[in-house]
Amino acid sequence: MKIINCQVNHLKNPLGYQITKPDFSYVITDSKAEKQTAARIVIATDQELNNLIFDSGWTNEIDSLGYIADVSLEPRTRYYWTISAKTNLNEEATSSVNWFETGKRREPWEAQWITCKQKTGRHPVFKKQITLTKPLVSARLYICGLGLYEAYLNQERIGNEFLTPYVNDYNSWLQYQTYDVTNQLKKDNELEVILGNGWYKGRFGYERNSKENNYGDAWELIAEVRLTYADGSTSVIGTDSSWKVHYGPITASSIYDGQQVDMTLADTPEEQVLLSKRTTEKLTDRYSTPITIHEELKPIALIHTPADETVLDIGQNQAGIFRLHVKEPKGTKIRLQFGEILQQGNFYNKNLRTAKQEFVYISDGQEKIIQPAFTYFGYRYVKIEGISNLKKEDFTACSLYSRLPKIGEVKTGNEKINKLIDNIEWGLKSNFIDMPTDCSQRDERMGWTGDAQIFSATASFYRDTYAFYQKYLHDIFLEQKQAGGRVPAMAPSFGDKTTSSVWGDAACIIPWNVYLFSGDKKILADQFPSMKAWVDYIEKIDGDNLGWNKGFHFGDWLALDSKSDVKNYVVGATDVDFIVRVYYLISTKLTAKAARILGKKDEAVHYEKLAKKILKYIRDEYYSPNGRCTINTQTALLMTLAFNLIEDKTKIITALAKAFEETGHQFTTGFVGTAILCNTLADNGFEKLACDLLLNEEYPGWLYEVNLGATTVWERWNSVLPNGDISSDGMNSLNHEAYGSIGEFIFKHVAGISPLEEAPGFRKVQIKPLLNWKIRQAEAKYNTAAGSYQIKWILTDSTHVTLSVHVPLGCEALLTLPLAPQDIFTNNSNEMFNQVKDNKCILKPGTYKISYKITEDLHQIFSTYTPIRELFYNKKAKKLLIKSSPNILELPLKLREKSVRELSQAYIKDNPEYEKQLDQLDLALKPLNE
């Protein structure tokens with residue numbers, strides 16, 4: 001028995017984070033027990049745990065998913081702690097010693113904000129000499145620089161973080177970072193801090209509304225170096241008027257436009273700093289998890305393009321910076337430009353809109369490794385000018401993203417699905433840069449709330465997102481406080497006043513998903529005021545005349561069923577008012593649930609009554625008395641089923657089947673519909689269709705992108721056309737997170753693991769794999785907050801499956817065996833069937849395995865009797881079909897449900913020779929069935 005994954009506030013050994021009361025969590029592993037029976041947490045100020053400040057004693061009140069210790073914490077103090085646990089098998093274990101260290105908390109700063117005369121152009125380098133007069137025990141640097149900073153001790157970088165102090169509404173709050181610099185200090189030291197523009201004062205904002213100086217026009221710095229000596233004395237070196245400043249070689253920096261460095265410029269003479277009028281009132285301990293380099297990628301090709309360009313292909317679209325070896329004569333201008341795709345074999349970056357996304361370096365003639373400091377790029381391809389003999393090995397792509405511990409892995413027997421899974425994860429990594437951005441390359445890169453909530457469940461299957469979303473939700477709530485509860489379409493909003501249903505509902509949906517995945521209700525306690533404020537805002541705006549519907553809303557964004565005559569119209573055909581009402585209902589119900597969980601009975605009753613009122617309106621307005629939906633779009637019908645908008649779903653299921661028949665079983669959904677598409681289909685009897693949509697290699701579809709070489713998920717279903725041309729250069733990102741939400745379906749249905757609301761944190765799960773011959777097998781390893789689940793199924797042939805499941809300590813799984821014969825549940829020799837209810841195996845902690853013959857042959861048969869749609873899903877079959885009937889591509893989508901034989905009956909009567917042609921096609925298709 002071992003205790004692992006010990007965390008405080010869902011962070012491993014956090015240094016300087018915002019911790020009001022420590023929230024402990026952990027996982028028990030290597031045990032055959034069913035549950036924990038007691039636990040004990042001790043906290044001390046020494047590593048030997050002699051000086052205890054808290055001892056819970058052995059108690060059954062400690063929940064491994066989250067236990068808040070009622071203890072008062074001092075500023076700038078390191079605390080050590082362990083967790084001990086006992087199980088029902090009388091096992092006992094104690095974790096290794098863990099620690100957390102508080103920041104300054106609300107302690108007054110001894111430092112002052114400083115600035116400099118210059119506001120633009122060459123970037124400032126602030127400097128201070130530090131001399132140690134006696135033996136040192138520890139040293140900490142507490143620092144915040146605006147817009148961005150990098151700190152150095154004796155020319156050695158402090159820490160490994162980039163883009164600090166990160167992005168937020170700087171008018172509402174500022175966060176500082178804490179660094180342990182004990183081992184970097186010598187007797188005589190020079191501390192340097194370089195400042196960049198960043199989000200604070202550099203050009204940033206939504207598209208053409210982007211501007212400079214959103215929050216201020218001056219570079220500013222505050223820092224304290226706190227020294228503790230062996231004799232117990234302390235000293236503080238803080239920013240004040242004694243610091244010096246000069247201006248270095250960085251001449252420009254911008255999140256959108258990149259960075260310019262001129263190494264031929266001599267450093268300016270040092271001058272006195274200026275004291276800033278800024279106060280420390282809004283300066284807080286950090287929330288943001290570190291942005292660091294996680295992967296380093298080497299180019300796979302050095303390309304000399306038809307346009308005589310030198311371009312490196314990294315092989316992977318991603319977000320980050322780079323390292324480049326340079327040795328060019330003094331004065332040489334080296335220029336790097338970054339793009340996502342080649343066009344006609346040439347470098348292309350027009351889809352960046354106004355973002356330059358470039359790095360310019362003027363060489364001083366010295367051999368160097370150069371690396372940007374105050375920007376990042378979204379790219380696969382790099383066009384390089386100014387290097388005379390460039391080699392692939394001179395360049396390294398460095399992927400930047402926030403710390404997000406990997407917890408989920410899924411793999412299938414279909415390599416294209418595996419590539420899609422990889423693309424989804426790269427999309428996640430590229431767009432989790434302190435805020436969940438929509439894209440990583442153009443003049444946007446903003447924390448769109450709609451994209452974030454749509455992708456939040458998928459993200460939480462792959463990564464531990466608790467701390468990351470906690471910071472983002474903090475940003476949202478501070479925006480709400482300034483706007484009477486209104487949630488912006490982007491957070492931080494950078495002054496944008498747009499709000500919308502689906503987007504603003506992130507304030508309720510994301511904290512609920514974080515709670516569902518973590519099982520820690522602290523996130524609900526923290527965010528309940530935000531959830532409540534959003535619903536109250538809508539209720540106030542709505543009034544008695546549906547005022548909430550009358551504002552702007554995105555609707556089913558980028559859906560393919562738009563009825564508008566406007567080219568490239570971005571809003572789908574689903575009634576926007578319907579979407580607005582349904583999401584108002586969703587947020588209200590989630591707020592009511594959160595209130596119940598938190599013991600807020602009065603609020604729970606209020607929001608439950610409001611939810612009933614909203615639901616009644618929806619039913620009266622959008623459904624006929626006999627259960628028909630008045631909005632006949634795929635998205636509306638999917639929403640009806642997904643959100644249980646009516647009790648009798650019979651007519652909705654019939655209508656949904658017809659809606660897909662009319663499109664040849666292609667989807668027409670946008671952001672709203674696609675987020676729930678395959679999950680809802682699989683939950684309502686359309687399992688085969690859900691898999692067909694996942695496996696579809698034609699436009700629109702995820703594998704269409706894969707076949708065209710995508711390494712991330714696109715913003716539009718046709719971002720790239722079949723001939724390789726980009727479809728437009730306006731709103732067209734090749735690295736977007738929203739449609740990556742299909743990853744949730746892959747975990748929940750293909751692999752088969754779903755959280756259950758009745759036992760959040762995966763204490764109780766549903767395991768219900770969806771077998772498919774084209775997928776052949778699936779395996780998931782998921783390190784949940786409650787422990788590690790493992791699921792694997794493999795079709796040994798088209799009629800036999802082998803399935804294995806591991807359930808961790810303290811957990812329970814409700815297993816539905818796919819396509820299982822009824823008599824299998826009487827198999828008393830297999831522990832899997834020790835407890836069965838309604839054909840569900842109730843699995844206690846342990847490992848289970850079974851092999852059986854399924855009730856259906858899953859092998860796909862290709863012939864002229866197969867629906868044309870099915871033939872089109874297979875590339876070889878489609879090619880043979882087109883060769884036999886070249887006009888088949890002109891066939892209306894709804895007729896593709898029929899087979900070639902069905903459509904040819906009348907024609908065969910007049911042309912008997914055609915039947916021989918069909919027989920020949922059957923012979924040609926036969927090898928595909930082997």
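The figures here come from the full heavy-atom set of this structure, side chains too, leaving out hydrogens, waters and symmetry mates.
- Judged by distance alone, the side chain of Asn418 and the main-chain N or O of Thr412 form a donor-acceptor pair under 3.5 Å.
- The closest donor-acceptor contact from the side chain of Arg776 to the backbone of Gly413 lies at 3.5 Å or more, if one exists at all.
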List, one per line, each side-chain donor-acceptor pair under 3.5 Å for residues 740-755, sequence neighbours excluded.
unit_1, atom_1, unit_2, atom_2, d
Ser741, OG, Ala738, O, 3.0
Glu744, OE2, Lys748, NZ, 3.0
His749, NE2, Asn679, OD1, 3.4
His749, NE2, Asp683, OD1, 3.4

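- Taking the six-membered ring for Trp and the full ring otherwise, the centers of Phe762 and Tyr782 sit less than 6.0 Å from each other.
- Between the side chain of Asn696 and the backbone N or O of Leu693 there is no donor-acceptor pair closer than 3.5 Å.
- No donor-acceptor pair under 3.5 Å is formed between the side chain of Asn5 and the backbone N or O of Tyr26.
- Ring-plane geometry between Phe660 and His665 is classed as perpendicular, the angle between the planes exceeding 60 degrees on a 0 to 90 degree scale with a lower cut at 30.
- Side-chain rings of Trp702 and Phe667 approach one another, their centers coming within less than 6.0 Å.
- Glu647 meets the salt bridge (charged side-chain N to carboxylate O under 4.0 Å, His left out) test with no other residue; sequence neighbours excluded.
- The salt bridge (charged side-chain N to carboxylate O under 4.0 Å, His left out) check on Glu661 picks up nothing, with sequence neighbours excluded.
- Using a 30° and 60° split on the angle between ring planes, Tyr607 and Phe528 fall in the perpendicular class, above 60°.
- Sorted by first and then second residue, the pairs that involve residues 581-590 and meet salt bridge (Lys or Arg N to Asp or Glu O under 4.0 Å), not counting sequence neighbours, are Asp542-Arg581.
- Ring centroids of Trp448 and Phe671 are separated by 6.0 Å or more, keeping the two rings apart.
- Checked by atom type and distance alone, the side chain of His806 never pairs as donor or acceptor with a backbone atom of Gln790 at under 3.5 Å.
- In this structure, Gly627 and Ile652 approach most closely via the heavy-atom pair O-CD1, 3.5 Å.
- At distances below 3.5 Å, at least one donor-acceptor pair connects side-chain atoms of Asn830 with backbone N or O atoms of Met832.
- Side-chain N or O atoms of Glu831 include none that pairs as donor or acceptor with a backbone N or O of Thr847 at under 3.5 Å.
- Among residues two or more places apart in sequence or in another chain, the ring pair (Phe, Tyr, Trp, His ring centres under 6.0 Å) test is passed with Trp714 by none.
- Not counting sequence neighbours, the partners of Ser456 by the side chain to side chain donor-acceptor pair (under 3.5 Å) test are Asn513.
- The backbone N or O of Ala636 lies less than 3.5 Å from a partner atom in the side chain of Thr633, making a donor-acceptor pair.
- Screening Tyr401, Phe468, Trp426, Tyr472 against Phe432 for a ring-ring contact (aromatic ring centres under 6.0 Å, His included) leaves a single residue, Phe468.
- Listed by chain and number, the residues in a side chain to side chain donor-acceptor pair (under 3.5 Å) with Thr640 are Tyr623 (sequence neighbours excluded).
- Shortest non-hydrogen contact noted between Ser460 and Thr465 is OG-OG1, 2.9 Å.
- Applying the side chain to side chain donor-acceptor pair (under 3.5 Å) test to Ser804 and every residue at least two apart in sequence or in another chain returns nothing.
- Using bins of under 30°, 30° to 60° and over 60° for the plane-to-plane angle, the ring pair Trp557/Phe554 lands in the perpendicular bin.
- Considering CE of Met639 and CG of Leu585, their distance stands at 9.5 Å, rounded to 0.5 Å.
- For His10, the ring pair (Phe, Tyr, Trp, His ring centres under 6.0 Å) partners at least two apart in sequence or on another chain are Tyr466.
- Of the charged side-chain nitrogens involved, at least one lies within less than 4.0 Å of a carboxylate oxygen, so that Glu870 and Lys688 count as a salt-bridged pair.
- Between Asp63 and Arg763 a salt bridge is recorded (basic side-chain N to carboxylate O distance below 4.0 Å).
- Taking every heavy atom of both residues into account, Thr712 and Gly427 meet most closely at CG2-N, 4.0 Å.
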For residues 838-845, dump all side-chain donor-acceptor pairs below 3.5 Å to protein atoms at least two apart in sequence or in another chain.
unit_1, atom_1, unit_2, atom_2, d
Asn839, OD1, Gln822, NE2, 3.1
Asn839, ND2, Gln822, OE1, 3.2
Lys844, NZ, Glu812, OE1, 2.9

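- Here the shortest heavy-atom pairing between Thr711 and Lys419 reads CG2-NZ, 3.9 Å.
- Partners of Ser798 by side-chain contact (heavy atoms from CB on, under 4.5 Å), not counting sequence neighbours, listed by chain and number: Trp773, Asp857, His859.
- Looking only at distances, no side-chain donor or acceptor of Tyr789 sits under 3.5 Å from a matching main-chain atom of Val765.
- Listed by chain and number, the residues in a side chain to side chain donor-acceptor pair (under 3.5 Å) with Thr635 are Asp556 (sequence neighbours excluded).
- Listed for the Thr802 side chain is no donor-acceptor partner under 3.5 Å among the backbone atoms of Ile794.
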